[in-house]
Amino acid sequence: MLIWMRAEPRDNEARAPMTPKGAKALIDKGWRVVVEDGPERCIPAEDYRDMGCEIAPPGAWINAPEDAVILGLKELPDDGAPLAHRHIMFGHAYKGQSDGRALLDRFKNGGGTLLDLEYLVNGHGKRVAAFGYWAGYAGAALSVMAWGAQQAGKTMNRVEAFASAKEMVTDVKASFTGAPSAIIIGAKGRVGSGAADLCKAVGIKPTLWDMAETAHGGPFPEVLDHDIFLNCILAQPDVPVFVGEDVGEADRTLSVIGDIACDPTSDFNPVKVYDRATTWAEPTLRAHSRPPLDVMAIDNLPSLMPVESTEDFAAQLLPYLLDLQADKKGVWARAEATFKTHV
């Protein structure tokens, strides 16, 4: 087999789905591994070369052999070109997202296949590899920092990647005074556990909600009684609305929403006060002014800690990459079936 790990074209994306150690495991299996040189990647191309990988320039996957499996994380260049290969990536195409149909049509026109990492699941429907913990950790960090800026009469400044989780905690602690209240919905999942751990690390004791507390379907006035709401629930058809469009006029304590799940263009978005992702340059948007309500909704939060998140995710994914050809556990067949249903 030929595994071709492409460079990530989007700004501020330093993560990788495979480490040099993982690449060597594939090579030891007798497979060929090509790694594109990614200038922003947190692991230098030379580290992959040292393990026996071939190095290619960014974007060379377009001309890769037809049987190559293209391994990546985030969006492909939005050029409309037909896609002929099998692509392992986060497609964000199955929940009514605005760009989803266009991506699926590119696969349809090119005869390729999307093996979506979000839908790589075991026989019980549980994801086998996810960045969720670090998304929760980083999302909670930025949300607390946004609250601190708001208390000082400011909005949050541009953010950059942190050298480590320890550095992130130090910076968050320095960003606020007082004791904000926080509520996490989805607290028992990967994302929620990361958010809870960050809160505890900076001295905040969050209210932890999960399925039992949201099973009645809403409304959820308790959310409005906290300074910070951290949404850690992925948009799905059966997820209720946690914050409605009319929240601006409500009597509320809530002043910062960290929509860590961040799916604003999905039909099933449970946070109805905003319609676009925020960015590293502008981490929050002001949904309401009196009193202020800021939303943090960055869609590549784990990249704020690229080393930890890469090592964690790649370790989760590697056993299934090694099983890609035989697919003894059926995870790849399920991902392909999901693609065929939606394409």
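FYI, the numbering just counts along the sequence from 1.
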Handout entry: Lys/Arg-Asp/Glu bridge criterion (N-O < 4.0 Å) met for R32, E54
Key = yes
Practice task
Please indicate whether D67 has more than 12 foreign heavy atoms, meaning atoms of other residues, nucleotides or ligands, lying under 6.0 Å from its CG.
Solution key: yes
Handout entry: Ring centroid separation F339 to F107 under 6.0 Å
Key = yes
Fill in the blank from the handout: In this structure, CD1 of I70 is separated from CZ of R6 (nearest 0.5 Å) by 8.5 Å
Problem - N-O pairing of E75 and R10 below 4.0 Å - result: yes
Practice task
Taking the six-membered ring for Trp and the full ring for Phe, Tyr or His, determine whether the centres of H85 and W4 are under 6.0 Å apart.
Solution key: no
Completion exercise
SG of C199 to NZ of K205, rounded to nearest 0.5 Å, is 13.0 Å
Exercise for the section: Show your working on side-chain hydrogen bond (donor to acceptor under 3.5 Å, both in side chains) between S266 and Q97 and close with a plain yes or no. Expected result: CA-CA 5 Å; S266 170; Q97 293 97 329; 5.6 Å; no
Problem - D197/Y133 under side-chain hydrogen bond (donor to acceptor under 3.5 Å, both in side chains): CA gap, chis, key distance, verdict - result: CA-CA 9 Å; D197 284 353; Y133 179 86; 2.7 Å; yes
Exercise for the section: Could you tell me the separation between the OG atom of S303 and the CD atom of E13, rounded to the nearest 0.5 Å? Expected result: 3.0 Å
Problem - Residues, nucleotides or ligands: over 12 heavy atoms within 6.0 Å of K188 NZ - result: no
Exercise for the section: Evaluate whether atom CG of N122 has more than 12 neighbouring non-hydrogen atoms of other residues, nucleotides or ligands under 6.0 angstrom away. Expected result: yes
Handout entry: Where W280 and N300 come nearest, the two heavy atoms and their spacing
Key = NE1-OD1, 3.0 Å
Exercise for the section: Check the surroundings of atom NZ in K24: do more than 12 heavy atoms from other residues, nucleotides or ligands lie under 6.0 Å from it? Expected result: no
Handout entry: Residue pair A165 / E308: nearest heavy atoms and the distance that separates them
Key = N-OE2, 2.9 Å
Problem - Sidechain-backbone polar pair: D116 side chain, A335 backbone, donor-acceptor under 3.5 Å - result: no
Exercise for the section: For the pair E118 and K95, find out whether any cationic side-chain nitrogen is under 4.0 Å from an anionic carboxylate oxygen. Expected result: yes
Exercise for the section: Work out which heavy atom in R101 is nearest to a heavy atom in V343; give both atom names and the distance. Expected result: NH2-O, 2.8 Å
Practice task
Return the minimal non-hydrogen interatomic distance between D210 and G189, and the atom names on each side.
Solution key: OD1-N, 4.1 Å
Problem - Under 3.5 Å side-chain donor-acceptor pair for H226 and T207 - result: yes
Practice task
Determine the interplanar angle of the H87 and W61 rings, folded into 0 to 90°, and report it as parallel if under 30°, tilted if 30 to 60°, perpendicular if over 60°.
Solution key: perpendicular
Handout entry: Qualifying salt bridge (Lys or Arg N to Asp or Glu O under 4.0 Å) pairs, either residue in residues 225-250, two or more places apart
Key = none
Handout entry: Presence of salt bridge, D79 and R106, under 4.0 angstrom
Key = yes
Practice task
To the nearest 0.5 Å, tell me how far T113 OG1 sits from R86 CZ.
Solution key: 7.5 Å
Handout entry: Ring centroid separation W134 to Y137 under 6.0 Å
Key = yes
Problem - Presence of salt bridge, D323 and K328, under 4.0 angstrom - result: no
Practice task
Quick one: pull up CG in L117 and CZ in F131 and give me the separation to the nearest 0.5 Å.
Solution key: 8.0 Å
Handout entry: Shortest non-hydrogen contact between A138 and L301, atoms and distance
Key = CB-O, 3.6 Å
Practice task
State whether the side chain of R49 and the backbone N or O of V35 hold a donor-acceptor pair below 3.5 Å, judged by distance alone.
Solution key: no
Practice task
May I ask you to test the V169-V202 pair for a side-chain heavy-atom distance under 4.5 Å?
Solution key: yes
Practice task
Report yes if the side chains of R15 and K74 come closer than 4.5 Å at any heavy-atom pair, otherwise no.
Solution key: yes
Handout entry: N-O pairing of R334 and E336 below 4.0 Å
Key = no
Exercise for the section: For atom CD of E282, decide whether the heavy atoms of other residues, nucleotides or ligands shown that lie under 6.0 angstrom number more than 12. Expected result: no
Exercise for the section: Could you point out which residue of V239, D275, V241, D259 forms a side chain to side chain contact (heavy atoms under 4.5 Å, CB included) with N269? Expected result: D259
Handout entry: Heavy-atom closest pair, residues P264 and C262
Key = CD-C, 3.5 Å
Handout entry: Rounded distance (nearest 0.5 Å) linking atom CG of L324 with atom CE of M1
Key = 4.0 Å
